[in-house]
Novice: 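Here you go, one structure.
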Amino acid sequence: MKLAGRPLPAKFYARDTITVARELLGTLLIHDTPEGRTAGRIVETEAYLRDDPACHAARGMTPRNTIMFGPSGRAYVYLIYGMYWCFNVVTASKGVGEAVLIRALEPLEGAELMSRRRGRAEPKSWCSGPGKLALALNIGKAQNGVSLLRGPLRILPGGPVPERVHVTTRIGIQAGAELPLRFYLEGSLCVSRK
DNA sequence: GGAACGATTGAT
DNA sequence: TCAATCGTTCCT
């Protein structure tokens, strides 16, 4: 897998959030840090929409969710349960508070780093959940608001996507639980739940 | 100022 | 099934 080339352009993100969530499947998430490079193929996403009660932005702008209302193509990173970071991609037009949660990756590069950061866990579980992949790629508070169009944290186009896309309800939410807004590559061993 | 809660995870 | 753990949000 070649991890070079141009990141996905701004136009990719400035679209309907459900479309972006689907089309992010198969793309490549890369994080270069002083420790080295870690990268993986996105295999699971969830869409969060402005009129969706589970979306942080559904009840208007707050200090935490301000990034979601800004330009698309940036990272929205927040702390959940006081312990884990969740990495999202901001989508749609400026002023529209929507994003895609990246829920799972298939590890592609940086096995040694991921192994060290994830402790005792098998490779297919390094990035099989939002909190896990944030740990494996060392994504946290410092990445909130950064551009994904250039810089150390970026997303490159993937190859063709042969797998079927599976659509289900989202994981771990109460309100809006019935909405079919979770997408994953059927057959992937690295999704958070099948 | 205080309290309830959460887009999770790993151990029991 | 359950605890860990703390920033955010909302209420007083």
Side-chain angles (χ1 to χ4, degrees), chain A residues 13 16-22 24-25 27 29 31 38 40 42-70 72 74-92 96-107 114-146 148 153 155 165-185 188-194:
Chain A
Y13 300 101
D16 165 70
T17 298
I18 291 177
T19 301
V20 177
R22 279 183 170 273
L24 277 171
L25 295 176
T27 64
L29 176 63
H31 196 196
T38 44
I42 295 174
V43 296
E44 180 181 346
T45 63
E46 281 178 358
Y48 286 83
L49 312 179
R50 58 179 150 177
D51 58 349
D52 156 16
C55 179
H56 286 175
R59 285 160 296 283
M61 196 181 294
T62 66
R64 178 177 67 170
N65 68 22
T66 300
I67 295 293
M68 294 182 77
F69 291 88
S72 54
R74 292 185 182 177
Y76 168 53
V77 183
Y78 69 90
L79 184 67
I80 186 68
Y81 295 110
M83 303 183 71
Y84 299 100
W85 296 96
C86 285
F87 168 67
N88 299 251
V89 172
V90 176
T91 57
V96 176
E98 302 194 343
V100 173
L101 171 67
I102 308 303
R103 286 194 57 91
L105 308 175
E106 173 190 317
M114 288 192 193
S115 175
R116 194 189 316 161
R117 289 168 176 165
R118 290 282 291 111
R120 189 168 170 280
E122 49 182 339
K124 70 178 180 185
S125 300
W126 286 342
C127 304
S128 61
K132 299 178 188 180
L133 73 87
L135 285 171
L137 271 63
N138 196 30
I139 295 172
K141 188 186 183 83
Q143 281 67 47
N144 189 33
V146 303
L148 303 171
L153 184 63
I155 301 179
V165 174
H166 224 77
V167 184
T168 74
T169 55
R170 294 169 295 181
I171 307 284
I173 58 167
Q174 308 301 320
E178 73 287 355
L179 302 173
L181 294 174
R182 173 176 177 246
F183 308 91
Y184 69 86
L185 293 182
S188 174
L189 300 175
C190 300
V191 298
S192 63
R193 274 167 50 176
K194 309 229 174 45

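This structure is a prediction, so every number in the text was calculated from the model and none was measured. Per chain, numbering begins at 1; letters A, B, ... match sequence-line order.
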Novice: Could I get a table of every N or O pair under 3.5 Å where one atom is in the protein and the other is in nucleotides 2-7 of chain C?
Specialist:
| residue | atom | partner | partner atom | Å |
| --- | --- | --- | --- | --- |
| C:dT5 | O2 | A:Y81 | O | 2.3 |

Novice: Under a 4.0 Å threshold between the charged nitrogen and the carboxylate oxygen, would A:R170 count as salt-bridged to A:D52?
Specialist: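 So A:D52 pairs with A:R170 through a salt bridge.
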
Novice: Let me know the distance between CG of A:L133 and P of B:dT8, rounded to the nearest Å.
Specialist: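 After rounding, the gap between these two atoms is 12 Å.
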
Novice: Between A:L49 (CG) and B:dA7 (P), how many Å, whole number?
Specialist: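 The distance from CG of A:L49 to P of B:dA7 comes to 15 Å, rounded to the nearest Å.
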
Novice: Strictly distance-based, threshold 3.5 Å: is any side-chain N or O of A:H31 a donor or acceptor partner for the main-chain N or O of A:L137?
Specialist: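 Flag set: sc A:H31 to bb A:L137 pair under 3.5 Å.
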
Novice: Quickly work out the A:L101 CG to B:dA7 C1' distance and round it to whole Å.
Specialist: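 Atom CG in A:L101 sits about 5 Å away from atom C1' in B:dA7.
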
Novice: Whole-Å distance between B:dA7 P and A:F183 CZ?
Specialist: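 One finds 18 Å between P of B:dA7 and CZ of A:F183, rounded.
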
Novice: Would you kindly give the CZ-to-C1' distance between A:R118 and B:dA11, to the nearest whole Å?
Specialist: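 Spelled out: CZ on A:R118 to C1' on B:dA11 is 14 Å.
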
Novice: Find the distance between CG (A:L179) and OG1 (A:T169) and round it off to the nearest 0.5 Å.
Specialist: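 Output value for this atom pair is 9.0 Å.
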
Novice: Given atom CD of A:Q174 and atom C1' of B:dT8, what is their separation to the nearest angstrom?
Specialist: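 Result: 13 Å.
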
Novice: So what does A:R193 touch, heavy atoms closer than 4.0 Å: a base, only the sugar-phosphate, or nothing?
Specialist: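 Nothing: the residue A:R193, judged by heavy atoms under 4.0 Å, touches no strand.
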
Novice: When you compare the side chains of A:E106 and A:S188, does any donor N or O come within less than 3.5 Å of an acceptor on the partner?
Specialist: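 A:E106 vs A:S188: no donor-acceptor pair found between side chains.
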
Novice: Can you see if the side chain of A:R103 gets near the phosphate of B:dT8 - specifically, an N or O under 4.0 Å from OP1 or OP2?
Specialist: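 Answer is yes, contact under 4.0 Å.
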
Novice: Expressed as a whole number of angstroms, how long is the span from A:R59:CZ to C:dT9:P?
Specialist: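 Whole-Å distance recorded here is 10 Å.
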
Novice: What integer distance in Å separates A:Y76:OH from C:dT8:C1'?
Specialist: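 Going from A:Y76 (OH) to C:dT8 (C1'), I get 9 Å.
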
Novice: Any strand counts, and the cut-off is 3.5 Å on both contacts for Watson-Crick or G-U wobble. Which nucleotide pairs with C:dC2?
Specialist: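 Pair assignment: C:dC2 / B:dG10.
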
Novice: Nearest 0.5 angstrom please: A:L101 CG to A:N88 CG, how far?
Specialist: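 Reported value, rounded in 0.5 Å steps: 5.0 Å.
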
Novice: With sugar-phosphate meaning primed atoms plus P, OP1 and OP2, does A:R64 contact a base, only sugar-phosphate, or nothing at under 4.0 Å between heavy atoms?
Specialist: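 Result for A:R64 = sugar-phosphate.
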
Novice: Less than 4.5 Å apart, any side-chain heavy atom of A:C55 and any of A:R50?
Specialist: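 No, their side chains stay 4.5 Å or more apart.
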
Novice: Does the side chain of A:H56 get closer than 4.0 angstrom to OP1 or OP2 of B:dA7 through an N or O atom?
Specialist: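 True: A:H56 side-chain N/O within range (under 4.0 Å) of B:dA7 OP1/OP2.
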
Novice: Go through the steps for A:Y48 and A:H56 under the test ring-ring contact (aromatic ring centres under 6.0 Å, His included), then give the verdict.
Specialist: CA-CA 8 Å; A:Y48 286 83; A:H56 286 175; 7.5 Å; no

